Every structure is written in structure tokens, then in C-alpha cells.
Amino acid sequence: MNFSEFAQFLSKLEKISSRIEITKVLSELFGKLEEKETAQAVYLLLGGLAPKYKIIVFNVADKMMIRAVSQAYKKSSEEVIDIYRKSGDLGDVVEHLSKSKKSKGNNISIIQVHKSLADIAQDSGEKSQERKVEKSVKLLNSLDPVSAKFVVRIMLGKLRLGFSDSTMLDAISWMIAGDKTHKKQLEKTYFVLPDVGILLSEVKKNGIEKATKDIKPIVGVPVLPLLAARIKTPEEMLEKMGGVVAVEPKLDGLRLSLHIDKAKGIVKAFTRNLNENSWMFPELGELGKYINAESVILDTEAVGLTEETKKMANFQATMTRRRKHNIGNVSKKTKITFFVFDILSINGKSLMNEPFSKRRSILEKTIVKSPLIKTVEYSETKDPKAILKLHKKYSSEGYEGIMVKKLDSSYVPGRTGWRWVKMKQTSTHIAKVADTVDCLVMGYSVGKGKRAEFGMGRFLVGISDGDKIKTTTKIGTGLTDAQFREMKKRLTKLEVKTKPKQYELHK
């Protein structure tokens with residue numbers, strides 16, 4: 001498919017807010033794509049060059065793009081900036097300016113555009129900015145106005161068409177059957193291999209049944225995690241989970257999926273949101289010597305140890321490692337232990353369908369305990385009083401509470417059934433915050449009084465619910481003056497002219 005035809009689909013999607021209509025347009029597009037270009041098209045639709053677990057960034061800021069636009073369309077930077085100020089979208093600026101060019105962009109394919117964008121993104125080192133501008137100019141000159149608009153938005157990380165991987169799975173089902181019949185089948189595969197590009201390619205190449213059969217986890221590709229439900233009483237836990245259960249302490253750390261393949265030299269860490277953050281843990285290179293296997297995928301909690309007391313640090317202390325600058329010294333101050341509580345794969349064999357009791361048995365034989373890595377202790381019981389006793393014991397030792405796990409449960413990503421249950425507080429606790437909530441910053445208001453110097457007074461946060469982001473609360477306290485200034489600096493870079501389609505704002 002020529003990129004100009006692909007861009008027409010992007011233009012159509014940009015104007016639609018109905019999820020079902022977006023699904024229909026996507027299914028039409030998917031049906032027209034050739035198998036060889038499918039993965040690239042999917043990644044571009046999501047505003048990137050690869051699945052989200054592979055971090056590929058363009059490092060192209062507005063100023064750099066303005067230089068490229070200026071050179072491509074023979075305008076001064078001042079002229080481009082003036083139009084940009086009026087429109088608020090460099091994509092629209094490019095579409096406006098490129099209408100005077102003769103190029104219709106009919107001969108450039110999706111694969112060629114993807115290759116050109118990857119070349120720009122991966123260019124680094126001395127004088128890379130100049131080369132990025134030159135390559136951007138060349139690419140823009142080869143595109144029609146609509147294509148150029150969307151390419152610029154992709155490069156700036158501002159495509160935002162208002163749908164996610166979930167809608168794309170709907171669209172694949174629609175492409176096959178004209179409805180969502182195959183959604184659960186596709187989801188089950190996606191949870192183990194979260195790459196819609198590869199999944200759609202396989203469906204187009206081999207059909208739905210073959211593409212979704214016998215999918216197993218791959219070292220280096222994150223699996224969506226099994227999430228715990230919440231119950232406050234042991235009696236209810238045992239009623240829902242049945243029989244003997246395993247009880248573990250609940251750790252206050254960073255949940256990580258560790259992927260190790262000694263032969264291939266792979267040692268990676270992924271968060272529960274599938275982001276790779278291996279750079280946070282220089283210690284990862286040492287893990288191989290404590291693993292009795294050639295390759296494994298482990299479910300773990302990374303917990304920091306305070307320098308002074310050598311006791312487990314809280315989550316905030318562990319997360320000081322998010323500072324990329326000087327990570328070597330930071331890692332020395334906050335030592336990390338990887339507490340392993342599950343194993344998904346060993347030596348290429350999937351263990352996800354095995355019962356938890358068997359996975360734990362294999363895990364105990366796989367991990368050589370050390371200060372760097374160890375298995376989480378656990379007990380088996382069917383007595384509610386024993387569960388309460390363990391909760392009290394672990395809480396007094398500084399843990400968050402307990403995890404209770406069904407012994408015969410397989411590893412199923414997501415929060416389904418009563419496979420795992422967490423209990424932070426018992427039913428007797430009242431008027432206390434039971435948990436933290438991960439929120440997205442959706443916007444901010446201009447500050448008044450002292451806050452005017454920060455450029456912001458408070459910010460609006462929300463939570464994601466499928467393809468929607470719903471408002472939750474406004475936050476105006478809890479940050480230092482320096483943090484307010486830093487927040488304003490970061491948010492300014494993310495501003496958009498119009499409200500994103502997926503936002504649901506309560507008045």
C-alpha cells in the first residue's frame with residue numbers, strides 16, 4: 001500500500017470518536033494491507049515504530065522539526081513559527097505549507113516511510129541533529145500534504161488517534177468475522193505476545209486458528225502479568241479459592257518480569273506496564289550465576305535495602321533508581337534484592353498452564369539464593385486463623401500485607417478468577433487509605449498568587465479504562481516548589497491544541 005492511501009485512513013480515523021466506527025475503519029484498512037507491511041502499518045497507527053515494549057524514540061523536538069519544515073518548504077523559521085503559533089499543531093503547519101509543493105507522494109510505500117523514520121530515530125552521535133534534519137527534509141519532500149502531516153505528528157509523538165491495542169484486536173476480529181467473535185481468542189494470545197503487529201501478520205499469513213494456537217512466552221518479550229484481586233477476610237478467600245492456599249508476604253517494591261537467556265546474552269527487566277527498565281538495575285548482569293537454567297522468565301519484586309539499616313526500603317526509596325543520571329552511584333546507595341515468586345518459562349518450555357504448586361517447586365530448584373536474588377517465602381494452609389496470624393506477622397515485619405494464591409491455578413494474565421488475592425488490611429481496619437492509585441496527568445491550570453511563578457496551580461489526573469481516560473481528582477498539594485517547576489516544564493512539552501478524544505472530563 002502506498003503511504004498516501006494509508007494517510008487517508010489516518011485522516012478518516014482522526015475525525016471519528018465512536019469506538020465501533022474506529023473499529024470498522026481499522027478492519028477495512030487491515031483487510032487491504034499486504035502481510036509483509038502489516039507490522040509496520042500497525043506500529044505507525046499507534047504513533048511509533050515498534051511494539052511499546054521496544055523503546056524507540058525520535059528525540060526530535062519542536063525546534064528541530066521547525067528547522068526541517070523551514071528547509072523543506074523554503075520558508076524562514078520565523079514564518080513557520082508564526083503559522084505554528086496560530087494553529088498549535090506542526091502537522092497542520094506542514095499540511096498547509098506542502099500544498100504548494102508538486103510532490104504527490106504516490107510512489108512511496110508504508111515500508112519505505114517506516115524505514116526512513118527508523119533511520120531518523122536511530123541516528124545518534126556527533127552531528128546527529130543535523131543529519132536528522134536533513135533526513136526529515138528529504139522525507140517531507142517525498143510526501144503529499146496529508147502524509148506529511150501525519151509523519152510530522154508521529155515524529156513528535158503527537159499522533160494520538162484515540163485508540164489502543166485493544167481496539168485493534170476488535171478490528172482484527174471484525175476483519176475476519178464482521179464482529180467481535182474472535183476477540184477473546186486474540187486477547188489470550190496478545191496477553192502472552194503483546195505485539196499486535198506480529199499478531200495481525202500471523203493472522204493474515206496463516207489464519208486465526210494457527211496464529212493463536214499454542215502461543216508460549218518468548219524470552220525478551222514481556223508477558224502481561226497476573227494481577228491479584230482484593231478480599232478482606234480469610235473466610236471469603238477460602239470460600240472463593242477453595243481448599244489449601246499458599247500465603248506469601250506482600251512486598252512494597254517494583255514488580256518486574258525478568259528475562260534471562262545465557263546463550264543469547266539476554267538479561268532484561270520489564271515493568272507490569274511492559275516498559276523495559278533494565279537500565280535501572282546494573283546488577284542484572286550478575287543474575288545468570290544464580291540461575292540453574294539456560295533461560296527463564298521470572299515474576300519478581302525488586303525491593304531496595306536502606307544503606308544504613310540494611311532493611312527493606314519503601315517503594316519511594318526503591319524508585320530513586322528512576323533517575324538515569326548517575327545510576328551507578330544511586331545503585332550503590334540503594335542495594336536491590338530481586339524477590340522471585342513465580343516462573344513462567346524455563347529453557348524454552350512454557351509453565352503458564354502448570355498449577356502454581358508445580359511452578360513453585362520448579363522455582364525453588366531454579367534459584368540459587370543470594371543477597372541479590374531469592375524466592376519469596378510461603379506457607380500452605382486452609383485455616384482462616386492461620387491466614388490472619390500470617391497477616392499479622394508479616395505486617396509487623398514491615399511488609400504491606402499478604403498474598404494468597406490458589407495452589408492449582410495456572411498463570412493467566414490479567415485479573416480473572418480468584419487465582420491470586422491480596423490482603424493489605426483486614427476487615428477491622430477503617431478510615432485508612434487501602435492502596436495507592438496510578439494516575440495519568442491529563443492537564444493543569446494556571447497558577448495564582450505564589451503559584452503564578454510556577455506557571456501552574458494544580459493538575460488534573462485520571463485513570464485509564466479501556467480506551468478511555470477518566471478524570472479522578474485535581475492535585476495541588478504534596479509537591480515542593482522545585483517539583484512544581486519541574487512538572488510545569490515537563491507538561492509544557494506535552495501540550496496539545498485540542499482535548500484528546502479518549503479523555504472523559506467531568507465538569
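Scope of the values below: all heavy atoms of this structure, side chains included, with no hydrogens, waters or symmetry mates. As the structure is a computational prediction, the values presented were derived from the model and not from experiment.
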With ring pair (Phe, Tyr, Trp, His ring centres under 6.0 Å) as the rule and sequence neighbours excluded, what pairs involving residues 479-505 come up? F454-F484
Not counting sequence neighbours, which residues clear side chain to side chain contact (heavy atoms under 4.5 Å, CB included) with [X]? List them please.
X: E187; value: L169, K183, F191
X: K127; value: E130, R131
X: L227; value: P225, R255, R272, R415

Sub-3.5 Å donor-acceptor pair from the side chain of N347 to the main-chain atoms of S295, do we have one? yes
Ring pair (Phe, Tyr, Trp, His ring centres under 6.0 Å) with [X]: which residues, sequence neighbours excluded?
X: F150; value: none
X: Y411; value: W420
X: Y43; value: none

Does any pair with a residue in residues 24-41 pass side-chain hydrogen bond (donor to acceptor under 3.5 Å, both in side chains), and if so which ones, sequence neighbours excluded? none
Show me the pairs that pass side-chain hydrogen bond (donor to acceptor under 3.5 Å, both in side chains) and involve residues 51-72, at least two apart or across chains. D62-Y84
Would a line drawn from the ring center of F6 to the ring center of F9 be shorter than 6.0 Å? no
Per the salt bridge (Lys or Arg N to Asp or Glu O under 4.0 Å) rule, what does the pair list look like for residues 456-466, sequence neighbours excluded? D465-K470
Residue pairs passing the salt bridge (Lys or Arg N to Asp or Glu O under 4.0 Å) test where at least one lies in residues 69-82, sequence neighbours excluded: D82-K86
Once side-chain hydrogen bond (donor to acceptor under 3.5 Å, both in side chains) is applied, do any residues pair with E504, and if so which ones, sequence neighbours excluded? none
